[in-house]
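Working notes for the structure below.
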There are 2 protein chains.
Amino acid sequence: MEKLIKFISRYAQLSPAAIAGLKCFAEEEKSKKNVLILNAGQVCHKIWFLTSGMVRKYQLQDGKERTCWIHFENEIFTSLDSYFSQTPSKDIIEACEESEIISISKEASKELARFPEFLSFTNALMGEQFASIDRVSKEFSFMDAKQRYNYLQKVSPKLFQKAKLGHIASIMGITQETLSRIRSKE
Amino acid sequence: MEKLIKFISRYAQLSPAAIAGLKCFAEEEKSKKNVLILNAGQVCHKIWFLTSGMVRKYQLQDGKERTCWIHFENEIFTSLDSYFSQTPSKDIIEACEESEIISISKEASKELARFPEFLSFTNALMGEQFASIDRVSKEFSFMDAKQRYNYLQKVSPKLFQKAKLGHIASIMGITQETLSRIRSKE
DNA sequence: GTTTTCTTTTGATGTAGATCAAAAAATCAT
DNA sequence: ATGATTTTTTGATCTACATCAAAAGAAAAC
């Protein structure tokens with residue numbers, strides 16, 4: 001919980017009351033390796049904070065897994081589409097290894113919105129995420145495979161230390177074979 | 001202005017005071033054909049509503065124009081990245097034809113945030129945009145050129161009535177020649 | 001109504017990355 | 001350790017789309 005509070009305070013100063021509220025509404029959970037945190041078809045009611053471990057978000061497309069992103073500790077994750085539109089999720093979220101997560105439900109968020117600091121936190125976070133999604137998705141679309149490789153190594157070095165090749169390739173929008181060949185030519 | 005109020009009331013019920021505030025802070029502008037609304041390098045301080053006309057958002061990449069999207073009447077637009085991160089824009093926004101727009105500056109937004117209806121409008125809008133960007137960008141990345149063509153025709157038929165082939169192709173992430181060939185095979 | 005300019009189409013050729021198949025390497029279970 | 005399973009690499013071939021070049025068509029200017 002301390003890690004989450006520290007995370008939030010990078011965006012807004014939390015009053016003791018807000019911290020108490022957070023402790024009351026946020027739930028700490030553990031998830032074992034390969035266990036699903038969210039399955040396709042479910043409506044996503046929560047936003048999660050990853051205290052420790054590694055979590056993968058992917059979709060099934062024609063029977064194939066398409067990895068969207070892999071999160072590491074001190075990151076926030078959810079199924080954006082499902083959470084905000086409250087429709088069944090296409091995203092599947094799974095723990096890649098034993099992970100500790102904190103969940104905040106949509107209702108809890110509404111309660112916490114009574115604290116203005118919390119509201120400015122969520123606003124700042126959403127703005128940051130917006131900017132980041134917009135920027136990264138455009139930059140990515142201009143790059144070829146090699147450039148994406150270099151870019152990803154910069155923005156998420158942990159990915160290359162911990163994730164499987166196939167998953168990294170999928171994030172890059174290429175096949176595992178192509179990524180293997182890129183790597184061998186370095 | 002009436003169109004904007006109507007647009008907002010799809011998300012939140014506006015009180016007479018909020019409407020008065022909006023009329024006070026929102027600025028109506030006209031933009032002639034091929035005039036830039038936002039240039040690359042500028043920090044974007046506004047969100048715009050397009051009352052009438054047609055507006056294109058693009059970036060320059062290695063001297064080439066890459067069209068991100070084209071907006072039509074009753075749509076909201078801005079440079080997401082620049083507006084939310086307050087960094088110089090890579091996006092260039094231009095009126096493709098004589099257009100009427102309404103601008104709301106970041107400061108005006110802050111003032112208007114005193115009206116809770118306005119806050120719930122922006123929250124709902126941001127949530128919807130989030131969901132939409134997340135969903136569309138993923139769906140798009142799974143599709144080949146022909147599928148993107150069919151998809152775009154569904155979600156933005158106006159695009160095909162009014163925009164140039166080269167711009168549509170650019171949105172699809174392909175060359176104009178390829179789009180021309182796709183069209184000829186229908 | 002011609003000429004100029006801009007937009008779209010058509011053709012020939014090139015290439016990044018996909019697909020299929022199988023070997024090699026690494027990890028796991030017993 | 002030893003075999004079983006998973007992950008990564010390597011090779012051969014294929015394909016969707018890019019690039020370059022030029023013709024055809026449409027729109028704008030005079």
Side-chain angles (χ1 to χ4, degrees), chain A residues 32-35 53-54 56 58-68 70 94-98 137-153 157-186, chain B residues 32-35 53-54 56 58-67 70 94-98 138-153 157-186:
Chain A
K32 296 224 181 279
K33 184 171 176 176
N34 296 326
V35 166
M54 174 171 163
R56 181 169 71 107
Y58 65 97
Q59 295 194 186
L60 284 176
Q61 196 72 17
D62 311 318
K64 282 176 198 160
E65 285 186 6
R66 308 287 201 131
T67 299
C68 312
I70 292 178
E94 111 188 320
C96 302
E97 55 182 45
E98 179 124 12
S137 69
K138 274 175 203 161
E139 283 176 353
F140 228 67
S141 75
F142 298 149
M143 295 178 195
D144 66 14
K146 185 70 213 295
Q147 292 170 317
R148 288 179 190 183
Y149 179 70
N150 295 332
Y151 183 83
L152 264 192
Q153 279 193 313
K158 273 191 190 161
L159 202 59
F160 291 81
Q161 292 155 27
K162 297 182 75 183
K164 288 181 200 169
L165 248 212
H167 294 163
I168 300 173
S170 186
I171 291 174
M172 292 172 63
I174 61 176
T175 59
Q176 181 175 316
E177 292 95 322
T178 300
L179 177 51
S180 175
R181 281 183 251 266
I182 287 173
R183 249 186 2 168
S184 72
K185 267 174 217 141
E186 278 206 303
Chain B
K32 296 225 183 276
K33 185 172 176 174
N34 296 329
V35 167
M54 173 171 163
R56 181 169 72 106
Y58 66 96
Q59 296 193 186
L60 284 176
Q61 196 72 18
D62 311 319
K64 281 176 197 161
E65 286 186 4
R66 308 286 202 129
T67 299
I70 292 177
E94 107 185 326
C96 302
E97 56 182 45
E98 178 124 11
K138 275 175 203 161
E139 284 176 352
F140 229 65
S141 73
F142 299 148
M143 294 179 195
D144 67 14
K146 183 72 213 294
Q147 291 171 317
R148 287 179 190 182
Y149 179 71
N150 295 332
Y151 183 83
L152 264 191
Q153 279 193 313
K158 271 191 189 158
L159 202 60
F160 292 82
Q161 291 156 28
K162 298 182 75 185
K164 289 181 197 167
L165 247 212
H167 293 163
I168 300 173
S170 186
I171 291 174
M172 293 171 62
I174 60 175
T175 60
Q176 180 174 316
E177 291 95 323
T178 299
L179 177 52
S180 174
R181 282 183 251 265
I182 287 173
R183 251 188 357 172
S184 72
K185 267 173 217 141
E186 279 205 303

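Labels below follow one simple rule: chain letters A, B, ... track the order of the sequence lines, proteins then strands, and each chain is numbered from 1.
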Discussion item. Please report the interatomic distance CG(A/Leu152) to CD1(A/Ile171), rounded to the nearest 0.5 Å.
Written reply: 6.5 Å
Item to complete: Hey, could you give me the CD/CE distance between B/Gln161 and B/Met54, rounded to the nearest 0.5 Å?
Response: 10.5 Å
Worksheet item: Ignoring hydrogens and geometry, is there a side-chain-to-backbone donor-acceptor pair from B/Gln153 to B/Asn150 under 3.5 Å?
Response: no
Discussion item. Strictly under 4.0 angstrom, non-hydrogen atoms only: write out the protein contact profile of nucleotides 25-30 of chain D, one letter per nucleotide from the 5' end, B, S or -.
Written reply: ------
Under 3.5 Å, which donor-acceptor pairs do the side chains of residues 174-182 of chain A form with other protein atoms, sequence neighbours left out?
unit_1: A/Thr175; atom_1: OG1; unit_2: A/Thr178; atom_2: N; d: 3.4
unit_1: A/Thr175; atom_1: OG1; unit_2: A/Thr178; atom_2: OG1; d: 3.1

Fill in: Gap separating the CD atom of A/Gln61 from the OG atom of A/Ser170, nearest 0.5 angstrom
10.5 Å
Worksheet, complete the sentence: Between the CG atom in B/Asn34 and the NZ atom in B/Lys32, the distance rounded to the nearest 0.5 Å is 12.0 Å
Item to complete: Let me have a per-nucleotide readout for nucleotides 4-18 of chain C, 5' to 3', with B, S or -, counting only protein heavy atoms under 4.0 Å.
Response: ---SBBBBB----SS
Discussion item. Expressed as a whole number of angstroms, how long is the span from A/Phe160:CZ to D/dT8:P?
Written reply: 12 Å
Fill in: Residue of the set B/Arg56, B/Lys162, B/Lys33 for which side-chain contact (heavy atoms from CB on, under 4.5 Å) holds with B/Cys96
B/Arg56
Worksheet item: Does any non-hydrogen side-chain atom of B/Tyr58 lie less than 4.5 Å from one of B/Glu94?
Response: yes
Worksheet item: Looking at residues at least two apart in the chain, or sitting in another chain, which of them share a ring-ring contact (aromatic ring centres under 6.0 Å, His included) with A/Tyr149?
Response: A/Phe160
Discussion item. With rounding to the nearest 0.5 angstrom, report the OH to CD distance, A/Tyr151 to A/Glu139.
Written reply: 4.0 Å
Response to the item:
As a check of understanding: the bend across the helix from C/dG1-D/dC30 to C/dT30-D/dA1, end axes from five pairs, rounded to 10 degrees, works out to 50°
Item to complete: Find the distance between OG (A/Ser141) and CD (B/Gln59) and round it off to the nearest 0.5 Å.
Response: 8.0 Å
Fill in: Donor-acceptor contact present, side-chain A/Arg148 to main-chain A/Met172, <3.5 Å
yes
Worksheet item: Taking DNA chain C as the partner, which of residues 58-65 of chain B come within under 4.0 angstrom of it by heavy atom?
Response: none
